[in-house]
Amino acid sequence: MQVRTYDPMQKLKSSIAETIDKSGLAIRTQFEIPPSVELGDLALPLQQDAKLKGVNPSELSRSVSEWIESHPNPFVSESVSVGGYVNFRLDTKNVAALAWSTIRSLGESYGCHAPTGKSVIVEHTSANPIHPLHIGAARNSVFGDTLVRLQRARGHAVRAHFYVDDTGRQTAIAAFGYQLLGEPVPSEKPDHWIGKVYTVSSAIVEVLSAKEKLHSTPEGEDAAKLRSNIDEWMSVLSEQARLSPDLTDGLSKAMAGIETPQESISRLISEYEEGRPLAKRAIRKMVDYCLSGFKETLVRAGIHIDSFDYESDLLWDDSVGALLDSLEVSKYVAHDGRAMIFDVDAAANDFGLKEILGVQKSHVLPRLVLTRRDGTTLYVTRDLAYSLKKLDRADRVLNVIGTPQTLAQLQLKVVLYALGYKKVLEQIHVPYEQVELPTGSMSGRRGHYVAFDSILDEAKSRAKPEVAKRNPEMSAEVASELAEKISVAAVRFALVGVGASKKILFTWDRVLDFEANSGPYALYTFSRANSILQKSGKVADSVEPDFGSLKLPDEHRLAVLCARLPENVAFAADTFRPEVLSEYIMRLCDVFNSYYGKAPVLGAPTAELKDARLVLVRMVHVTLRSAFNMLGVPVPQRM
RNA sequence: GGGCCCGUGGCCUAGUAUGGAUAGGGCGGCGGCCUGCGGAGCCGCAAGUCGAGGGUUCAAAUCCCUCCGGGCCCGCCA
């Protein structure tokens, strides 16, 4: 049976390695890419091997290249020995043919790898359901979703999970306001409306409780602090009163009758945790409205969540209770009243986890409080139970969570490992840096944020005139669809195009400048390739080309680049770095743009050349389309 | 006090995992290219002490140490 080829470059490398192995030189065949195209397509560095063998690197590389020259490999057109490297120039014809047969057989799935049978859960987004997704969450979503797509392309069975934090105090504050308003149907996009309810409720509660405290506080520093606190929240309130007068007014009136809102909120929390019907109805109703708003935004950005996991379910189905029972008897747990405190450092030392997790031995890991003195659970406790649930459902779990959570994620691993869940090592924190605004940090509570929706809207409204300018004959509807695609591409490229460890300073121009942004450029390149294929009037996939007629350096580069998609996907997936793929796309676009500008495809001098070029264009076309799919970028047929 | 991350031309960024061949791109600037498959394009030019200093090495943007600048974390918050 023929084994299906997924990765042409891999296949070709093994073939060359095999040829070299026959020489009996016994060298490692770890290929690299030379720093410049003039040097070749593949490089074999032999300095290490030369050292081990105690021979001169140049001599070794010369023997290898001489061997290849006298024992030809179909994929190598030339091998040159330079300073301990053997540089290989690949044979355009055979590389193109190999890439083409792979592309033709895989079609849209070109770039994907053989199924592994391994299951992966990617948890991402998981924003609090009390305000719209903002730009920071957008980075999480886009990054997380791209990871989902990449893991899938890697051959794993992947599911995207969203952890719904519905038992926290913040959620209760919003739900409390929602209850007071009579639990209405939101009058606008639900997450945006709930965001307002949350900000106003939060501000009123802050003001009322600060005022309350002020009564029993003697004049001095503390009182002054309370006063400035009141002032701050009053100004948030007046801002909201200006933006949404009815809502603010309604909530203020309803809240005025409540003497101790903090207590009411605490009661709501505990009633919800106990699963009391009224509390349950109000909170779930509000949360689900908010989630429906999230979904709308996510769908627009091409993001799909397979499972929304409610934190409250972990309490109700006693997952948390079971976890507490096993913690109770752990030798690392100390009790203080009903509070449980976990000695993370001792556990990490005992199990040798510092070494495994890359923590310095001398670094003392902070203890972790798992329950309050009154016995109630904390966020981490529920998160522990949630981790177990995720690990139960997949071979591997990727948690897309911001860098501020790094320590907490580490502690979580130690605790679960110490409880005997060794599989927790298969749960990986994939961190990303925050997005900052020029005006300072965002605050959901204060209603200060840039919503994901606004970014998409703004991108679209900037794209529209550009589309209209270039396509005056296009109907408004089609133009709008196109503008939508372009804006999603621009936003996704902007958020995933830089390494996750880099902070992003969000400015409208940075993200939405269509000259600077690589998204529209890449889509444009694709649409040009598409247009050449359309114009040809041929079905490129049924053409049997003679790749031997491709002589231009750019034709060679394009064939080799197309063959490299799968290995780039593998690397991006395995290192959790989508930017690897976006860099690859840019490289391919650069070469292709330059190519079709100087080499006529449809007007090629001979029929053979025309066919070969046409197929090459098709290869670029399919390769780009696959790569876009993996980045979650929609593809327009024309622009 | 302890720990983590970032620091590459005016601005943004790749390269750091596995040290190696002239540090790649983009924006902005300057100069060209619409009789050719659509100019969101192409071609060219100027612009760099890879934060600083030491060390290891035949070889350091990359590894080690110290320091500087920016950010984050070390809650009976989430």
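Computed over heavy atoms, backbone and side chain alike; hydrogens, waters and symmetry mates excluded. In what follows, chains are A, B, ... by sequence order, proteins preceding strands, each numbered from 1.
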With sequence neighbours excluded, give me every side-chain hydrogen bond (donor to acceptor under 3.5 Å, both in side chains) pair touching residues 33-46 of chain A.
A:Ser36-A:Glu38, A:Asp41-A:His556
With heavy atoms under 4.0 Å as the rule, sort A:Ser501 into base, sugar-phosphate or nothing.
sugar-phosphate
Separation between the P atoms of B:rG70 and B:rA78, rounded to whole Å:
32 Å
B:rA61 and B:rC6: how far apart are their C1' atoms, nearest whole angstrom?
15 Å
Could you check whether A:Gly499 gets within reach of a base, just the sugar-phosphate, or nothing at all, counting any heavy atom under 4.0 Å?
sugar-phosphate
Chi-based syn or anti call at B:rC45, which uses purine or pyrimidine torsion atoms and a 90° bound:
anti
Would you call A:Arg618 and A:Asp611 a salt bridge, taking side-chain N to carboxylate O under 4.0 Å as the test?
no
Spacing of A:Arg587 atom CZ relative to B:rA14 atom C1', expressed in whole Å:
9 Å
Who pairs with B:rC4 - Watson-Crick or G-U, where each distance is under 3.5 Å:
B:rG71
Assigned partner base of B:rA17, Watson-Crick or wobble definition, under 3.5 Å:
none
Name the orientation class of the two ring planes belonging to A:Phe88 and A:Phe31 (parallel below 30°, tilted from 30 to 60°, perpendicular beyond 60°).
perpendicular
With sequence neighbours excluded, tell me which residues meet salt bridge (charged side-chain N to carboxylate O under 4.0 Å, His left out) with A:Asp374.
none
So if I define the base as every atom that isn't primed, P, OP1 or OP2, how would nucleotides 31-41 of chain B read as a B/S/- string at a heavy-atom cutoff under 4.0 Å?
------BBSBS
Pair partner, B:rA52 [Watson-Crick or wobble, under 3.5 Å]
B:rU66
Counterpart base for B:rC11, defined by Watson-Crick or G-U wobble contacts under 3.5 Å:
B:rG26
ring-ring contact (aromatic ring centres under 6.0 Å, His included) involving A:Tyr595 - partner list, sequence neighbours excluded
none
Determine whether A:Lys53 and A:Ile27 make a side-chain contact, defined as any pair of heavy atoms from C-beta on separated by less than 4.5 Å.
yes
Side chain proximity check, A:Glu484 to A:Lys460, heavy atoms < 4.5 angstrom
yes
Salt bridge present between A:Lys485 and A:Glu481 (N-O < 4.0 angstrom)
no
Sort out the partner of B:rA40 for me: Watson-Crick or G-U wobble, both distances under 3.5 Å, none otherwise.
none
Span that lies between the P atom of B:rG19 and that of B:rC63, in whole angstrom
9 Å
Using whole Å, report how far CG of A:Leu505 lies from C1' of B:rU13.
14 Å
Taking B:rA47 as the reference, what is the distance to B:rG54 when you measure between their P atoms (whole Å, please)?
27 Å
Take atom P in B:rG26 and the same atom in B:rC43, then report the distance between them in whole Å.
9 Å
Look at atom CD of A:Gln30 and say whether more than 12 heavy atoms of other residues, nucleotides or ligands are closer to it than 6.0 Å.
no
Across nucleotides 16-22 of chain B, 5' to 3', mark each nucleotide with B, S or - according to how protein heavy atoms within less than 4.0 Å reach it.
-B--BBB
With both distances kept under 3.5 Å, what pairs with B:rA46, Watson-Crick or G-U wobble?
none
Separation between the P atoms of B:rG7 and B:rG15, rounded to whole Å
10 Å
For nucleotides B:rC5 and B:rC65, find the distance between their P atoms and express it as a whole number of Å.
12 Å
When the P atoms of B:rA60 and B:rU22 are considered, how many whole Å apart are they?
12 Å
At under 4.0 Å between heavy atoms, how does the protein contact nucleotides 70-78 of chain B? Give one character per nucleotide, 5' to 3', with B, S or -.
BSSSS-BSB
Should the ring pair A:Tyr386 and A:Tyr163 be called parallel, tilted or perpendicular, given that the plane angle runs from 0 to 90° and is split at 30 and 60?
parallel
So which of A:Lys354, A:Lys361, A:Arg367 actually passes salt bridge (charged side-chain N to carboxylate O under 4.0 Å, His left out) with A:Asp345?
A:Lys354
Close aromatic pair by centroid cut-off 6.0 Å: A:Phe162 and A:His124:
no
For A:Leu46 and B:rA59, give me the distance from atom CG to atom P, rounded to whole Å.
20 Å
Rounded to whole Å, please give me the gap between CD in A:Gln360 and P in B:rG1.
17 Å
Between A:Ser61 and A:Ser81: side-chain donor-acceptor atoms closer than 3.5 Å
yes
